[in-house]
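Note that these values count all heavy atoms, side chains included, but never hydrogens, waters or copies made by symmetry. Ligands are counted one by one from 1 in listed order, and the atoms in each one are counted from 1 as well.
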Amino acid sequence: MRIARDIEFLKDELRILALGEEIKPEIRRLNELKSVLMMPESLEKDGIAYMMYRDLPPLRGSPIRLDVTVIPPWNVGGELAKTKGHYHLPLEGKSLPEIYYVHSGRAIFLLQRRGASIYEIEDFIVIEAEAGRYVMVPPGYGHVSVNAGEDMLVMSNLIHRGVMPDYEPYEITRGAAYYVTSDGLVRNPRYEKAPDPRYEKGPEYSSLEDLMNDRGILERLTDP
Ligand SMILES: O=P(O)(O)OC[C@H]1O[C@](O)(CO)[C@@H](O)[C@@H]1O
């Protein structure tokens, strides 16, 4: 599968070749997600939760980092496959956004903006995106990516390379304010306040390459 010019994802071998270089993935295991699962007690055995191929060559040396994340379909206690979830720590006092582009599969992005405490959510957005659509995670929003389809979800993300993830709020509340299950959304009871979700669809964009060449969009990653 073509990710961009000179970047190929070899689906059967779970390998990425970028400008001829083999990119070694960082693997997140199911056991590492126990702290954010709706029903961790339903996890019977460890396995691969998702793979992150970080800092692909075309953008090395630039302020923006390009990663590819591959989430196979899985389900623990009815909850669909997802990333751990994090907020972005401010960089030099600024909260910075992030862009996801879906190459294949069906994604649901759960975005949340917290209020006075981590148990209070002011805004909760559910964004659906299949291949050819992108999502901008706005500054200040925490995010979880869910594989809502039956196939592998393959997506890229563009982010300022100085941004560090903050996992603690998601670990304390055991995930986002809503879980995505095979029966739909389930409210996480650990949050004291969470509005009804707002539903959106990620806008279409011709390709990741075109997105990477769109100055207007890219500039927002460093200066929202
Ligand atoms: O850090 P988490 O919550 O496991 O999520 C992984 C995702 O976050 C990123 O590290 C960037 O925010 C991606 O590479 C990856 O898709």
Close N/O pairs between ligand 1 and protein, under 3.5 Å:
from: ligand 1; atom 1: 1 (O); to: R28; atom 2: NH2; distance (Å): 3.4
from: ligand 1; atom 1: 1 (O); to: H86; atom 2: ND1; distance (Å): 3.0
from: ligand 1; atom 1: 1 (O); to: Y167; atom 2: OH; distance (Å): 2.5
from: ligand 1; atom 1: 3 (O); to: G85; atom 2: N; distance (Å): 2.9
from: ligand 1; atom 1: 3 (O); to: H86; atom 2: ND1; distance (Å): 3.0
from: ligand 1; atom 1: 4 (O); to: R28; atom 2: NE; distance (Å): 3.3
from: ligand 1; atom 1: 4 (O); to: R28; atom 2: NH2; distance (Å): 2.6
from: ligand 1; atom 1: 4 (O); to: Y50; atom 2: OH; distance (Å): 2.4
from: ligand 1; atom 1: 10 (O); to: R54; atom 2: NH1; distance (Å): 2.9
from: ligand 1; atom 1: 10 (O); to: R54; atom 2: NH2; distance (Å): 3.3
from: ligand 1; atom 1: 12 (O); to: H86; atom 2: NE2; distance (Å): 3.2
from: ligand 1; atom 1: 12 (O); to: E98; atom 2: OE1; distance (Å): 3.0
from: ligand 1; atom 1: 12 (O); to: E98; atom 2: OE2; distance (Å): 2.9
from: ligand 1; atom 1: 14 (O); to: R54; atom 2: NH1; distance (Å): 3.1
from: ligand 1; atom 1: 14 (O); to: D67; atom 2: OD2; distance (Å): 3.0
from: ligand 1; atom 1: 14 (O); to: N157; atom 2: OD1; distance (Å): 3.2
from: ligand 1; atom 1: 16 (O); to: T69; atom 2: OG1; distance (Å): 2.6
from: ligand 1; atom 1: 16 (O); to: Y100; atom 2: OH; distance (Å): 3.3

If you count the non-hydrogen atoms of other residues, nucleotides and ligands that lie under 6.0 Å from CD in E150, is the total more than 12?
no
- Message: The test is side-chain contact (heavy atoms from CB on, under 4.5 Å); show your working for V146 and Y179 and say whether it passes.
- Response: CA-CA 9 Å; V146 177; Y179 299 108; over 6 Å; no
**Message:** Under a 3.5 Å cutoff, is there a donor and acceptor pairing between the side chains of E168 and Y170?
**Reply:** no
Sorted by chain and number, sequence neighbours left out, ring pair (Phe, Tyr, Trp, His ring centres under 6.0 Å) with Y134 holds for Y205
- Does any N or O in the side chain of W74 come within less than 3.5 Å of the main-chain N or O of A49, such that one atom is a donor and the other an acceptor? yes
Is it the case that the ring center of Y100 lies less than 6.0 angstrom away from the ring center of H143? yes
